[in-house]
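In this chain, numbering begins with 1 at the start of the sequence shown.
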Amino acid sequence: MPNIKIFSGSSHPDLGQKIADRLGLELGKVVTKKFSNQETCVEIGESVRGEDVYIVQSGCGEINDNLMELLIMINACKIASASRVTAVIPCFPYARQDKKDKVGSRAPISAKLVANMLSVSGANHIITMDLHASQIQGFFDIPVDNLYAEPAVLKWIKENINEWKNCTIVSPDAGGAKRVTSIADRLNVDFALIHKERKKANEVDRMVLVGDVKDRVAILVDDMADTCGTICHAADKLVSAGATKVYAILTHGIFSGPAITRINNACFEAVVVTNTIPQEDKMKHCSKIQVRIGLGDMEIRNIYFFVQLKVKDTACQTVSNNLMNSGLVKLYLG
């Protein structure tokens with residue numbers, strides 16, 4: 001597979017390795033270190049001149065350091081004459097800061113700032129997964145492919161929940177209504193949503209269930225869970241409303257602060273997440289967390305698709321050049 005290089009940042013090297021293995025390529029050599037004043041230094045260990053470069057870096061862990069590392073890696077490849085640089089960002093950082101919530105608010109739109117930084121650093125293309133708000137794609141002036149976990153979620157539900165035909169898909173907030181209705185329609189089951197009111201960020205004040213879960217399996221579906229206050233309160237609400245079992249399926253399991261303690265104390269049968277964020281350490285402290293959805297395969301298939309397009313484009317260009325050189329095309333065009 002010509003002209004393809006894949007590099008992995010330090011946020012999620014396991015996912016980067018899986019993508020490279022699936023494509024039959026070796027990960028590119030890169031050395032990341034910090035100076036004594038904590039500045040990030042990145043050295044690309046091989047030539048990328050004229051290559052189509054993919055950099056895998058998720059917005060997790062030390063988010064600010066990992067974001068800066070990604071920007072430096074993109075710029076390093078760009079000024080080393082890479083033909084094209086694609087940033088593969090499974091979990092997009094600062095995605096929740098995508099708008100001003102109130103009239104006259106002085107809050108920043110940090111997701112737009114991140115988009116600007118990625119573009120200025122030299123990225124030609126962004127591949128991400130389940131953006132918190134799809135409109136973030138409009139913050140970019142370069143192509144953005146927002147992949148969805150829905151096919152993998154549907155597959156997991158059918159294979160792992162015996163009573164899935166008698167389930168209700170539940171959104172823990174009104175913003176996820178479109179997501180759960182799509183899944184519910186595909187499964188031909190009912191959906192419900194929970195309206196929540198917050199006192200402040202990461203703290204839910206009151207919840208109201210809209211829909212029926214009595215004597216049914218309730219499956220909470222959301223794009224991300226951070227401190228898990230919302231989904232744990234939602235689980236309690238569903239049980240009190242008559243749900244027989246409660247599952248949670250999340251694309252991005254951030255699980256910061258008191259999240260692990262809350263999940264351990266909650267009434268979940270399982271909290272299923274994708275591998276956009278490493279979960280090994282968290283799974284040691286919480287048996288309910290399962291990384292069971294093959295999101296890596298989804299990303300790999302899509303990246304493989306983009307790579308194949310690149311190869312086909314190269315082949316088409318070669319054929320076109322040969323035709324031009326032969327004079328046949330010139331003759332046809334007059």
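Counting heavy atoms from C-beta outward, V239 and V246 have side chains that approach closer than 4.5 Å. Side-chain contact between T261 and H285: absent, with no pair of heavy atoms (C-beta onward) separated by less than 4.5 Å. You'll find the side chain of I260 reaches within 4.5 Å of the side chain of K282, heavy atoms only. Between R262 and T227 there is a side-chain heavy-atom pair separated by less than 4.5 Å. Put simply, the side chain of L15 reaches to within 4.5 Å of the side chain of P90, judged on heavy atoms. Looking only at side-chain heavy atoms (C-beta outward), Y247 and I161 come within less than 4.5 Å of each other. Side-chain atoms of V221 and V170, non-hydrogen and from C-beta on, never get closer than 4.5 Å to each other. Here the side chains of M283 and V291 are in contact, with some heavy-atom distance below 4.5 Å.
A side-chain donor-acceptor contact under 3.5 Å links T244 to the backbone of R216. Here the side chain of D98 pairs no donor or acceptor atom with the backbone of A133 at under 3.5 angstrom. Side-chain atoms of S58 never come within 3.5 Å of backbone atoms of C60 as a donor-acceptor pair (strictly under, hydrogens ignored). Of the possible donor and acceptor atoms, one in the side chain of N75 sits under 3.5 Å from a partner among the backbone N and O of S121. D223 contributes no side-chain N or O that, together with a main-chain N or O of T251, makes up a donor-acceptor pair within less than 3.5 Å. Between the side chain of Q279 and the main chain of G253, a donor-acceptor pair closer than 3.5 Å is present. For T168 (side chain) and V213 (main-chain N/O), no donor-acceptor pair under 3.5 Å exists by modelled atom type. Formation of a donor-acceptor pair under 3.5 Å by the S182 side chain with backbone atoms of K178 is not found in this model.
Evaluation of the side chain to side chain donor-acceptor pair (under 3.5 Å) rule for E46 yields K5 as partners, not counting sequence neighbours. Listed by chain and number, the residues in a side chain to side chain donor-acceptor pair (under 3.5 Å) with N66 amount to none (sequence neighbours excluded). With sequence neighbours left out, E280 forms a side chain to side chain donor-acceptor pair (under 3.5 Å) with no residue at all. By the salt bridge (charged side-chain N to carboxylate O under 4.0 Å, His left out) test, D21 pairs with no residue at all, sequence neighbours left out. Listed by chain and number, the residues in a side chain to side chain contact (heavy atoms under 4.5 Å, CB included) with Q97 are Y94, P108, S110 (sequence neighbours excluded). For D222, the salt bridge (charged side-chain N to carboxylate O under 4.0 Å, His left out) criterion is met by R179, not counting sequence neighbours. S119 pairs by the side chain to side chain donor-acceptor pair (under 3.5 Å) definition with nothing, not counting sequence neighbours. K100 is linked by a salt bridge (charged side-chain N to carboxylate O under 4.0 Å, His left out) to nothing, counting only residues two or more places apart in sequence or in another chain.
Here V210 sits in one hydrophobic cluster together with L193; the rule is ILVMFWY side chains under 4.5 Å apart, joined directly or through other members.
The two residues N264 and K288 make their nearest non-hydrogen contact at O-NZ, 3.4 Å. I136 and F140 make their closest contact through O-CD1, 3.6 Å (heavy atoms, listed as atom of the first residue, atom of the second, distance). The heavy-atom pair separating C228 from A225 by the smallest distance is SG-CB, 3.9 Å. Residues N275 and K18 approach most closely at ND2-NZ, 4.1 Å, considering heavy atoms. Considering every non-hydrogen atom in both C77 and I55, the closest pair reads SG-CD1, 4.1 Å. For the pair S11 and P278, the tightest heavy-atom approach, listed with the atom from each and the gap, is O-CG, 3.5 Å.
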Please step through side chain to side chain contact (heavy atoms under 4.5 Å, CB included) for the pair W164 and N162, ending with a clear verdict. CA-CA 6 Å; W164 69 267; N162 295 328; over 6 Å; no
Does the pair H125 and D145 meet the rule for a side-chain hydrogen bond (donor to acceptor under 3.5 Å, both in side chains), with working shown? CA-CA 8 Å; H125 180 203; D145 286 286; 2.5 Å; yes
Verify side-chain hydrogen bond (donor to acceptor under 3.5 Å, both in side chains) between Q17 and S8, making sure each step is shown before the conclusion. CA-CA 8 Å; Q17 187 63 58; S8 176; over 6 Å; no
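When the side chains of ILVMFWY residues are joined at heavy-atom separations under 4.5 Å, either directly or via intervening members, V85 and M117 end up in a single hydrophobic cluster. Residues V217 and I183 share a single hydrophobic cluster, defined by chaining ILVMFWY side chains whose heavy atoms lie under 4.5 Å apart. Residues F255 and I277 are members of separate hydrophobic clusters, defined by side-chain heavy-atom contacts under 4.5 angstrom among Ile, Leu, Val, Met, Phe, Trp and Tyr. One hydrophobic cluster holds both I126 and I109 under the rule that ILVMFWY side chains link at heavy-atom gaps under 4.5 Å. The hydrophobic clustering, which links ILVMFWY residues whose side-chain heavy atoms are closer than 4.5 Å, places I254 and V272 apart.
Here CD1 of I219 is found 4.0 Å from CD1 of I169. Values are rounded to the nearest 0.5 Å. Atom NZ of K165 sits about 11.0 Å away from atom CG of L187, to the nearest 0.5 Å. The line from CZ of F268 to CG of L238 is 8.5 Å long, rounded to the nearest 0.5 Å. Rounding to the nearest 0.5 Å places CZ of R186 at 11.0 Å from CD1 of I157. With values rounded to the nearest 0.5 angstrom, I4 atom CD1 is found 8.5 Å from R84 atom CZ. Put simply, NE2 on H252 and CZ on F92 are 11.0 Å apart, with the number rounded to the nearest 0.5 Å.
Applying the salt bridge (charged side-chain N to carboxylate O under 4.0 Å, His left out) test to residues at least two apart or on different chains, none of the pairs has a partner in residues 111-122. Counting only residues at least two apart or on different chains, the salt bridge (charged side-chain N to carboxylate O under 4.0 Å, His left out) pairs with a member in residues 228-245 are E163-K245.
For the side chain to side chain contact (heavy atoms under 4.5 Å, CB included) test with L147, the passing option among T128, I127, L131 is I127; the others fail.
Residue N188 qualifies as open at atom CG: its count of foreign heavy atoms under 6.0 Å is 12 or below. The local environment of CZ in F191 is sparse, with at most 12 non-hydrogen atoms from other residues, nucleotides or ligands closer than 6.0 Å. The number of heavy-atom neighbours closer than 6.0 Å to CE of M68, taken from other residues, nucleotides and ligands shown, is 12 or below.
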Please list, one pair per line, the donor and acceptor atoms closer than 3.5 Å that link side chains of residues 24-34 to other protein atoms, with sequence neighbours excluded.
| from | atom 1 | to | atom 2 | distance (Å) |
| --- | --- | --- | --- | --- |
| K34 | NZ | T40 | OG1 | 3.2 |
| K34 | NZ | D65 | OD2 | 3.4 |

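Judged purely by distance below 3.5 Å, without hydrogens or angles, the side chains of N124 and K78 pair a donor atom with an acceptor atom.
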